[in-house]
Amino acid sequence: MPPPPPPSTSQPASQPGPPAKVALITGITGQDGSYLTELLLSKNYTVHGIVRRASNFNTQRLDHLYVDPHDASAPGRMILHYGDVTDSAVLERLVRHIDPHEVYHLAAQSHVRVSFELPVHTVDSVALGTFRILEALRSHAESRAGAHKRVRFYQASSSEMFGASPPPQSETTPFRPRSPYAIAKLAAHYAAINYREAYGMHCSCGIHFNHESPRRGETFVTRKITRAVGRIKAGLQRTLFLGNLDARRDWGFAGDYARAMWLMLQRDTPDDYVIATGRTASVRDFCEMAFARAGLDYRDFVQVDPRYFRPAEVDELRGDASKARRELDWHPTVSLEQLVDMMVDADIARAEKELAVRAMSDGRTP
Ligand code: NAP
Ligand code: F7E
């Protein structure tokens, strides 16, 4: 794997002349940030991303997009900056310096179970973080005093906001949040709407249902399952401990959801959209499909550990994305079966690699 790009490193554009648009992404190192960056680079954007300082590299999901600054034939541009959504000063400085056309606000403590352990931190990054970036944009717009410079803002809202409201959930379904994460997202969601109504800012919210991929964080349930399938198949793990197997989610492919973000910001009128597949399945169903892909029976390997239960659960999510289909012409392109196969195959390949590395370090031929 090539070395991760150092923050604040830029790469030259492939074609002469300025690229079409400049985007700023908070949360660029996350699952969605990586798919969105790929999409925007393919459209010849210059992409600026905010990266948190960490003691280890945290840009692995972007490694394949890194381009040596000396390579003049490289496509697109990706420029990374140190920053944090808990730090207003750096957000204001970056917005002023970058002067973006589009801002995709994805940064968040995004784990629902963890939000019960870290409620104050979650509210700080998710809710206050959104106010901080919106304030930075408002000040910037005022200092520019030009409507044509109006930046377009995307807010990563979540189906968790629906919480206890029964399915199907659409833009008109009442919100009944069930976790500190969902409450923080609801505040962020209404902040974006409020800045749209109060200041005329171009803010759109994507109410995204669960979306997954081989790049999904390892502690979210789908990736936890597919990673375990790969490791069990390779003989590296024996048992998979999970929490509530009866919870039902509407799982789609993250690449499709990144495309929806971009489509929202291409519309002249900002609005809010549910993005979902319309199909729901249980965690148990997901286990059954994922283990079957590897020729295994999940009942031989999965055990329930109450440690993974949540203090309050969201029982069932199933989104109605008809508004997005109608107005954005957005459709999911990957079925649940294809998603499971894609994730399991990637994790089987990873586990085989891990096995080979272990064998080599033990002095054995893989
Ligand atoms: P993710 O993989 O957890 O990525 C979160 C990103 O936010 C990472 O880049 C993370 O940086 C960054 N971040 C966290 N705290 C930060 C802080 N204080 N300052 C700056 N950056 C910070 O999440 P995702 O799945 O890509 O989701 C993207 C967004 O969509 C999130 O806001 C999430 O809540 C929302 N969302 C996700 C889903 C879904 O199913 N994936 C559904 C609805 C909404 P590190 O890499 O350094 O940790
Ligand atoms: O849990 C159950 C768990 O952590 C899904 C985030 O991207 O999507 C995500 O939030 C379900 C829950 O995702 C385990 O109780 C069982 O019912 O994969 P998850 P989430 O909580 O739905 C929304 C839309 C977001 O916005 C969030 O940012 O699976 N479950 N056993 C488990 N979950 C986990 N994590 N681990 C288990 O062992």
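Both ligands and their constituent atoms are indexed starting at 1 by order of listing.
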Quick check on ring pair (Phe, Tyr, Trp, His ring centres under 6.0 Å): which of F291, W251, Y298 does F286 satisfy it with? W251

Please list, in number order, the atoms of ligand 2 under 4.0 Å from a heavy atom of V283. 2 (C), 29 (O)

Interatomic distance, OG@S34 vs CD@Q60, rounded to 0.5 Å, equals 11.0 Å

Indicate the ring-plane relationship of F253 and Y35, choosing parallel, tilted or perpendicular according to the 30° and 60° boundaries. perpendicular

Ligand 2 to E313, heavy atom cutoff 4.0 Å, flagged ligand atoms 3 (C), 12 (C), 15 (O), 17 (O)

Proximal atoms of ligand 2 relative to Y308 (non-hydrogen, under 4.0 Å): 38 (O)

Excluding I207, membership of its hydrophobic cluster (Ile, Leu, Val, Met, Phe, Trp, Tyr; side-chain heavy atoms within less than 4.5 Å) reads M161, F162, F175, L186, Y190, I193, F209, V274, V314, L317

Flag, side chain of S125 to backbone of Q109, donor-acceptor distance under 3.5 Å: yes

Verify the distance criterion only: is there a donor paired with an acceptor across the side chains of H331 and D329 at less than 3.5 Å? yes

Part of Y181 with heavy atoms under 4.0 Å of ligand 2, whether side chain, backbone, both or neither: side chain

Show the atoms of ligand 2 that are less than 4.0 angstrom away from any heavy atom in H111. 35 (N)

Any idea which protein heavy atom is nearest atom 20 (P) of ligand 2, and the distance to it? N210 ND2, 3.7 Å

Looking at non-hydrogen atoms alone, which of R216, E160, H211 comes nearest to atom 7 (O) of ligand 2? R216

Polar side-chain atom of N194 near backbone of A191 as donor-acceptor pair, under 3.5 Å: no

Please confirm whether the backbone N or O of Q338 pairs with a side-chain atom of S335, one donor and one acceptor, at under 3.5 Å? yes

Which atoms of ligand 2 have any heavy atom of S159 under 4.0 Å away? 24 (C)

Give a yes or no answer on whether the side chain of Q169 reaches the backbone of R318 with a donor-acceptor pair at less than 3.5 Å. yes

Can you tell me which residue and heavy atom of the protein come closest to atom 28 (O) of ligand 2, and the distance to 0.1 Å? S110 O, 2.7 Å

V334 with W330, same ILVMFWY side-chain cluster at under 4.5 Å: no

Please verify whether a non-hydrogen atom of R178 lies at under 4.0 Å from ligand 2. no

Donor-acceptor pair, R267 side chain versus E327 backbone, under 3.5 Å? yes

Does a side chain donor of either D124 or T86 reach within less than 3.5 Å of an acceptor in the other side chain? no

For R293, all residues meeting side-chain hydrogen bond (donor to acceptor under 3.5 Å, both in side chains), sequence neighbours excluded: D341, D345

Starting from atom 35 (N) of ligand 2, which protein heavy atom do you reach first, and at what distance in Å? T219 O, 2.9 Å

If we number the atoms of ligand 2 from 1 as shown, the ones under 4.0 Å from a heavy atom of A247 are 17 (O)

At a non-hydrogen distance cut-off of under 4.0 Å, which region of F220 contacts ligand 2 (side chain, backbone, both, or neither)? both

Ligand 2 contact on E218 by region, counting heavy-atom pairs under 4.0 Å: neither

Can you figure out which of D305, V221, L245, L317 has its heavy atom closest to atom 32 (C) of ligand 2? V221

Give the protein residues with at least one non-hydrogen atom closer than 4.0 Å to an atom of ligand 1, ordered by chain and number. G27, T29, G30, Q31, D32, R52, N58, D84, V85, L106, A107, A108, S110, A156, S157, S158, Y181, K185, H208, F209, N210, H211, R216

Protein contact to atom 10 (O) of ligand 2 [nearest heavy atom, distance to 0.1 Å]: V112 CG2, 3.6 Å

Only counting residues at least two apart or in another chain, list the ones meeting ring pair (Phe, Tyr, Trp, His ring centres under 6.0 Å) with Y181. none

Per-atom contacts of ligand 2 with K224, taking only distances under 4.0 Å to non-hydrogen atoms: 37 (C), 38 (O)

So if I count the atoms of ligand 2 from 1 in the order they appear, which ones are less than 4.0 Å from some heavy atom of G243? 14 (C), 16 (C), 31 (N), 38 (O)

Of H208, R249, R113, R310, the one whose closest heavy atom lies nearest atom 1 (O) of ligand 2 is R310

Quick one: NE2 on H208 to OH on Y257, what's the gap to the nearest 0.5 Å? 8.0 Å

